[in-house]
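Note sheet for the following structure.
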Amino acid sequence: MNLLVTGGLGFIGSNFIRHILGYRQSWKITNLDKMTYSGNSDNHADLLKDSRYAFVNGDICNKKIVNDLLTKSIDAIVHFAAETHVDRSICGPEEFSITNVTGTLTLLECSKNVRLHRFVHISTDEVYGAKKYGKSVETDRLNATLGNPYALTKEAADKLVQSYFLHPNHLPITIVRPSNNYGPYQYPEKFIPLAITNALENKPIPIYGDGKQMRDWLFVEDNCEAILAVLERGKAGEVYNIGGTVFRDYTNKEIVEIILDTLKKPKSLMVYVTDRPHHDVRYSLNYEKLMRDTGWGPRTSLSGGLEKTIKWYVDNHAWWERIKSGQFKEYYLKQYGGGNK
Ligand code: NAD
Ligand code: TYD
């Protein structure tokens, strides 16, 4: 299989490429990534020597680049590239609309010129909007929260992708909607790596509002296995939820408590800050359809996944210190103010 992966220098994309090269010896991967602030060349440093891996620095909105790549006998596209951080989308939605909507549309349009075996679009559970009780199923109405441009642009992209399965395009698309991922190589603006790295630096950990919000936390390795299962055994035209919760939901506050206990740091590092506007209280996914069609199921408990993730950040200080000492500082000051350094 010859794959085109978009956004493979980011968190999930780089984990996915490493997963495929490890488990599918004969596959080849081309990674198209624009190297935005979250696309990190350190994330593929160990892959560059592998002759099965090629990197192209480019934008998914650039038709010429995408068309050129697609003439190289690509069998399938796995489309991760996106602007992904909710807080950044609230402050500046333009890039979100360009990459998440126009970029996805560009890939779809260019895909019409070739014969693909599959186009896997990586959507998100955020397209369902908040789910106060119960679990979202694939047939639920998409209802991204107004005021959260990340979720809104992902919803728009999701709908565009679905439409390309239909007449007259008939592209072999499959959509996956994973829940919140965590694990190695996650940019430290997201909640779990921010909490771990701030704790390691003995800095306050900002908790929005009352800290009672819940996410359906999914260990990134389990997500990579699920996407591979969808690529190999999922059906064209289908949507698959990928969730991580096995036993029960955890609140944001409980997650920070586990991190602090593991690192033997004081609870006084927890600081409650002004809530995010339009903050979705809870996401939760029903992933029975994926289990039924592919046999996949999440293997990592939250405590096991957090232990592995914390160990990775402890062992890879240089990776996140480089990020936190750069442009990130400016973002952090703007987002959390000077009082939370
Ligand atoms: P990330 O922000 O870590 O990585 C995004 C990557 O896309 C970066 O390498 C960036 O350089 C690249 N990129 C951005 N704009 C681009 C463009 N115009 N052209 C080419 N490359 C571009 O994101 P992530 O957390 O790895 O998320 C990957 C995908 O998974 C996204 O589509 C996201 O919506 C989805 N998703 C993420 C989560 C999560 O918890 N992280 C959960 C559900 C779904
Ligand atoms: P985040 O990692 O930004 O993912 P998403 O918004 O896509 O779910 O946030 C996860 C949860 O953690 C969410 O409820 C917001 C909360 N959060 C905080 O409490 N403090 C923070 O500093 C951040 C970044 C997030």
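First listed ligand is number 1; within each ligand, the first listed atom is number 1.
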Exercise for the section: Say whether Arg215, considering both its backbone and side-chain N or O atoms, lies within less than 3.5 Å of an N or O atom on ligand 2. Expected result: yes
Exercise for the section: Give yes or no for whether the N/O distance cutoff of 3.5 Å, strictly under, is met between Tyr208 and ligand 2. Expected result: yes
Checking contacts here: is it the side chain or the backbone of [X] that comes within 4.0 Å of ligand 1, counting heavy atoms only? Could be both or neither.
| X | result |
| --- | --- |
| Tyr150 | side chain |
| Ser123 | backbone |
| Lys154 | side chain |
| Thr84 | side chain |

Problem - Contact (N/O only, under 3.5 Å) between Phe11 and ligand 1 - result: yes
Problem - Nitrogen or oxygen atoms of Asp59 and ligand 1 under 3.5 Å apart - result: yes
Practice task
Under 4.0 Å from a heavy atom of Gln213: give me the atoms of ligand 2 that qualify, with their elements.
Solution key: 14 (O)
Practice task
Tell me, please: is Glu126 in heavy-atom contact with ligand 2, that is, under 4.0 Å?
Solution key: yes
Handout entry: Residue that, paired with Arg24, satisfies side-chain contact (heavy atoms from CB on, under 4.5 Å) out of Arg52, Glu232, Met1
Key = Glu232
Practice task
Counting heavy atoms only, name the option from Asn62, Thr6, Thr36 that's nearest to atom 13 (N) of ligand 1.
Solution key: Thr36
Fill in the blank from the handout: Looking only at non-hydrogen atoms, the one of Ala81, Pro178, Ala82 nearest atom 5 (C) of ligand 1 is Ala82
Problem - Presence of salt bridge, Arg118 and Asp75, under 4.0 angstrom - result: no
Handout entry: Residue and atom name of the nearest protein heavy atom (relative to atom 20 (N) of ligand 2), distance in Å to one decimal
Key = Pro206 O, 2.9 Å
